[in-house]
Amino acid sequence: MSFAIGLICRECGETYPSEARYSCDFCFGPLEVAYDLEAAKGVVTRASIEAGPLSMWRYAALLPDPGEAPVDLGAGWTPLRRATRLAEVLGVKELWLKDDTRNPTGSFKDRVVSVALSSARRLGFTTAACASTGNLATSVAAHAAFIGWPSVTIIPSDLERSKIAMTAIFGGTVLGVEGNYDDVNRLCVELVAEHPDWAFANVNLRPYYAEGSKTLAFEIAEQLGWRAPRQVVVPIASGSQLTKVAKGFNQLFELGLIEGDAPILYGAQATGCSPVATAFAEGADVVTPQRPNTIARSLAIGNPADGPYVLDEVRSGGGDIGSVSDDEILECIALLASTEGVFAETAGGVTIASLRQMIRRGTIDPNESIVAIISGHGLKTLDVIADTATVTATISPSLAAAEDALRVSQLVAAS
Ligand SMILES: *Cc1c(COP(=O)(O)O)cnc(C)c1O
Ligand SMILES: [Zn+2]
């Protein structure tokens, strides 16, 4: 049973029932899902959660009502792994990786889509849609296929081939727009007006969609043995994930499920699309849009909807936001893989490179616990590493040739 009680305007506090609505009639501010946490106190306990399914739906009490049953392709409940070898390289004491590469379609977007489409089904929708930088489209197409819905996913036409293939294979309609994500998003806002009966996961279903990201915080706390880490590094595209990770931890504190201080949140962006990092560094309250130009396509939103809320969240906690080059992203994809056996897409490279940057400049405390969210699988962005991640040597099928090559890579002693 869900303790969600409706929608509330994030700007003026006006309340609405749990319907398909995403902006406030009075001030046009964005809406979010509200909960009756007083009623949940003592009912939602560590034990009640631990008795639930081994999926993100163990937190159903703190998510929007999914109706009869959630649309559950198996999102969430991903491993939280202690990263001792990477911690040593970075010079920190306690580092954990939240490995969201391990979702059904290989990215954290499965969490938000599972919630969005559950709410959409409860509200009577029968078609799934979205504006996407790639991973959302893949996840919407997969979840729609799973429940037998048609899907319309809209992406920039020049995305990574693997992301386009991973979306198209599910059989929905995929529209490639000649433009960037901000063009795609603008188009989708117009389409919502024409097709109000389509569930655009991140547009007209956005309040519900966004709630899915809270499960990252819930799982991190539970997997740490019901405690909050001191510091969490979160990649930023629209900024929704970061603000909802904060909301997730706050709800656990309010319910008394964890104690102590709220974690300090840190953001991660690619310099080629870093409007939030720039505003943060300049002390600005408004986020000036930027034309994206980075290999981190999944984070390439030049005009992020939740940018100002991210600034509030990171500033109020005393955090920081990293901004890293494409070279650093590539270097840190390899660093993560070679130290921890985790293969991340470019967004994961952004997170690790930003973590390293903020440790170096002293805004992340190396002696306190750190969780880094690794939000997408490396197979999604194979193109960017394909030229460098290749065979060590190409040899003829003879023992001598093998031994020669192994001597060069120093696995066999020189004779
Ligand atoms: C979408 C996405 C994010 C973050 O998205 P927000 O819009 O900020 O919630 C992070 N990593 C990956 C891989 C993504 O696809
Ligand atoms: Zn309002």
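Predicted, not measured: the structure shown is a model, and the values here were computed from it. In listed order, ligands and their atoms are each counted from 1. Heavy-atom basis, side chains included; hydrogens, waters and symmetry copies ignored.
- Vertex the Zn ion (ligand 2), arms ending at SG of C9 and SG of C27: the angle is 100° after rounding to 10 degrees.
- Proximity of the aromatic rings of F218 and Y59 is defined here by a centroid distance below 6.0 angstrom, and this criterion is met.
- For atom 5 (O) of ligand 1, the closest non-hydrogen atom on the protein side is A237 CB, 3.5 Å.
- Contact annotation: for A347 versus ligand 1, heavy atoms closer than 4.0 Å belong to the side chain alone.
- Heavy-atom contacts of S375 reach the following atoms of ligand 1: 10 (C), 11 (N), 12 (C), 13 (C) (cutoff under 4.0 Å).
- Between F108 and ligand 1, a contact under 3.5 Å exists for no N or O pair.
- Considering backbone and side-chain N/O of T133, none are found under 3.5 Å from N/O of ligand 1.
- At least one test fails for R81 against the ring of W96: distance under 6.0 Å to the centre or angle within 45° of the axis.
- Ligand 1 has no nitrogen or oxygen under 3.5 angstrom from a nitrogen or oxygen of S107.
- E94 has a carboxylate O that lies under 4.0 Å from a charged side-chain N of R227, or vice versa, which qualifies the two as a salt bridge.
- Every atom of ligand 1 is numbered from 1 in the order shown, and the set under 4.0 Å from a heavy atom of L299 is 3 (C), 10 (C), 11 (N).
- Not one N or O of E345 is nearer than 3.5 Å to an N or O of ligand 1, by distance alone.
- With respect to E38 and K41, a salt bridge is recorded, a charged nitrogen being found less than 4.0 Å from a carboxylate O.
- Heavy atoms of G239 approach ligand 1 to within less than 4.0 angstrom.
- At a threshold of 4.0 Å, the pair D306-R10 counts as salt-bridged, since one of the basic side-chain nitrogens sits closer than that to a carboxylate oxygen.
- Classification of R315 and D285 as a salt-bridged pair holds, one side-chain N sitting under 4.0 Å from a carboxylate O.
- Looking from atom 9 (O) of ligand 1 to the surrounding protein, the closest heavy atom is Q241 N, 2.8 Å.
- Ion pair K247/E32 flagged as a salt bridge, since at least one NZ, NE, NH1 or NH2 atom sits closer than 4.0 Å to an Asp/Glu carboxylate oxygen.
- A salt bridge is defined here as a Lys NZ or Arg NE, NH1 or NH2 lying under 4.0 Å from an Asp or Glu carboxylate O, and E219 with K98 meets this definition.
- The pair E313-K244 does not meet the salt-bridge criterion, since no charged nitrogen lies less than 4.0 angstrom from a carboxylate oxygen.
- Considering backbone and side-chain atoms alike, S298 places every N or O at 3.5 Å or more from each N or O of ligand 1.
- When hydrogens are left out, the protein atom nearest atom 14 (C) of ligand 1 is K109 NZ, 2.9 Å; that is the closest non-hydrogen contact.
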Checklist entry - Step by step, would you call T215 with R111 a side chain to side chain donor-acceptor pair (under 3.5 Å)? => result CA-CA 8 Å; T215 59; R111 297 176 183 275; 3.0 Å; yes
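- Residue contact check: S240 has heavy atoms under 4.0 Å from atoms 6 (P), 8 (O), 9 (O) of ligand 1.
- Scanning all protein heavy atoms for the shortest distance to atom 7 (O) of ligand 1 gives S238 OG, 2.6 Å.
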